[in-house]
Number of protein chains: 2
Amino acid sequence: MRDGRLTIGQMSRETGCKVQTIRYYEQIGLLPEPERSSGNQRLYSNRDRDRLAFIRHARELGFPLDAIRELLKLADHPSQPCEAADAIAAAQLEAVEIRIARLQSLKQELERMLAHRHGGKIADCRVIEVLADHSKCSADDHVAPS
Amino acid sequence: MRDGRLTIGQMSRETGCKVQTIRYYEQIGLLPEPERSSGNQRLYSNRDRDRLAFIRHARELGFPLDAIRELLKLADHPSQPCEAADAIAAAQLEAVEIRIARLQSLKQELERMLAHRHGGKIADCRVIEVLADHSKCSADDHVAPS
DNA sequence: TGTAACCTCTACAGTGGCTGTAGCTTCATG
DNA sequence: CATGAAGCTACAGCCACTGTAGAGGTTACA
């Protein structure tokens with residue numbers, strides 16, 4: 001393994017991405033098929049490693065893989081305007097804000113449920129009661145559990 | 001369908017739970033196998049409907065199905081102490097709080113990325129740049145994308 | 001009674017984003 | 001040359017559904 005060629009394990013260590021996940025990214029076309037050694041093992045370039053780091057970082061920021069695919073395409077065309085990339089990031093920001101708002105209303109509801117704790121029997125348990133009877137639940141607008 | 005017996009479609013309408021999802025809940029043992037009509041169609045009781053409403057409400061609050069299974073078991077034993085139910089709700093609250101915190105740090109990062117928007121080329125695009133180079137990212141501690 | 005429209009049935013595949021497993025082969029080190 | 005770590009492929013499983021196909025059941029109205 002001389003300079004500039006990384007095994008999949010080295011890629012994994014350098015990016016914090018699991019080996020299986022790297023192979024998975026290759027399988028779904030996010031990473032190119034790398035060279036192989038004479039013994040059929042994957043050999044990556046530094047460029048591949050940077051691409052993987054990009055993907056990982058975007059995943060950490062919650063971008064879905066499809067958005068990352070777009071971003072990678074854009075990153076490969078540096079002379080084009082960056083509005084599209086900004087738009088993807090803006091969409092992601094909006095998605096995150098929506099999820100935060102939703103989770104905050106769930107949080108309030110759970111806090112209300114727990115505020116009535118009294119150490120009694122299930123029969124008088126506020127938690128069970130609220131779950132059983134939606135009308136006891138103040139916020140009515142939470143949808144899917146993000 | 002006289003009194004007290006609901007078709008799966010009526011169940012769906014009354015609880016807001018999709019027909020397939022009801023069958024799925026039966027399959028994984030969250031809902032009991034209901035009676036069948038002479039034509040092999042499911043016939044539910046009001047009790048079944050209440051149980052499904054309980055499940056849906058708990059799902060809306062983000063409880064995982066395993067937790068709901070526990071809660072249902074508890075709800076079936078009203079004379080037992082409700083500490084276990086409270087504990088499940090408390091765990092769920094904590095999980096929600098963790099997810100909110102994580103999403104908030106993601107939100108900040110995305111806002112920082114977007115604050116540098118300038119309408120130029122990809123080559124100077126802050127979004128792409130930050131994704132490509134983790135060191136340009138201030139918060140370093142976000143883990144899995146919630 | 002006919003028939004059209006709708007509902008329900010089973011069984012299975014697909015979603016997203018991985019993760020884990022089994023059973024191999026290859027590689028690096030002593 | 002032997003051992004153990006790392007790599008290979010192929011596939012199953014996770015969560016919580018959702019969608020589809022193709023069959024059969026039920027209901028409303030003429």
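Order of the sequence lines fixes the chain letters, A, B, ..., with proteins taken first and strands second; residue numbering starts at 1 for each chain.
The phosphate of D:dG25 (OP1 or OP2) has no side-chain N or O of B:S37 nearer than 4.0 angstrom. At the phosphate of C:dC27, neither OP1 nor OP2 sits under 4.0 Å from any side-chain N or O atom of A:T7.
The residue A:R13 sits apart from the nucleic acid: no heavy atom pair falls under 4.0 Å.
Atom-to-atom, CG of B:D66 to P of D:dC15 comes out at 7 Å; the value is rounded to the nearest Å. Atom CD of A:Q10 is separated from atom P of D:dA5 by 18 Å (rounded to the nearest Å). A straight line from CZ of B:R5 to P of C:dT8 spans 16 Å, rounded to a whole angstrom. Regarding B:Y44, its OH atom lies at a distance of 10 Å from the P atom of C:dT8, rounded to whole Å. Straight-line distance from the CD1 atom of B:I8 to the P atom of D:dG24: 20 Å, rounded to whole Å. Rounded to a whole Å, the CZ atom of A:R36 is 15 Å from the C1' atom of C:dC27. Distance CG (B:L43) to P (C:dC9): 9 Å, rounded to an integer number of Å.
Considering only the side chain of A:R42, D:dC8 comes nearest among C:dC9, C:dC27, D:dC8. With C:dG17, D:dA16, C:dC9 as the candidates, the nucleotide lying closest to the side chain of B:R59 is D:dA16. Considering only the side chain of B:Q41, D:dT26 comes nearest among C:dT10, D:dT26, D:dC17.
Contacts between residues 18-30 of chain B and DNA chain D, defined by a heavy-atom separation below 4.0 Å, involve B:K18, B:Q20, B:T21, B:Y24, B:Y25, listed by number.
Within the structure, the salt bridge (charged side-chain N to carboxylate O under 4.0 Å, His left out) test picks out no pair touching residues 79-95 of chain B (sequence neighbours left out). Within the structure, salt bridge (charged side-chain N to carboxylate O under 4.0 Å, His left out) contacts touching residues 120-131 of chain A (residues at least two apart or in different chains) are A:E129-A:K136. Identified under the salt bridge (charged side-chain N to carboxylate O under 4.0 Å, His left out) test for residues 68-80 of chain B, with sequence neighbours left out: B:R51-B:D76, B:D66-B:R69, B:E70-B:K73. The salt bridge (charged side-chain N to carboxylate O under 4.0 Å, His left out) pairs that include a residue from residues 24-39 of chain B are B:R5-B:E35, B:E26-B:R42, where partners are two or more places apart or lie in different chains.
Using a 4.5 Å heavy-atom threshold, the side chains of A:I68 and B:L131 count as separate. Taking 4.5 Å as the limit, some side-chain heavy atom of B:L110 sits within range of a side-chain heavy atom of A:F63.
Judged by closest nucleotide on DNA chain D, A:N40 is the one of B:L65 and A:N40 placed further toward the 5' end.
With sequence neighbours excluded, the residues forming a salt bridge (Lys or Arg N to Asp or Glu O under 4.0 Å) with B:E14 are B:R49, listed by chain and number.
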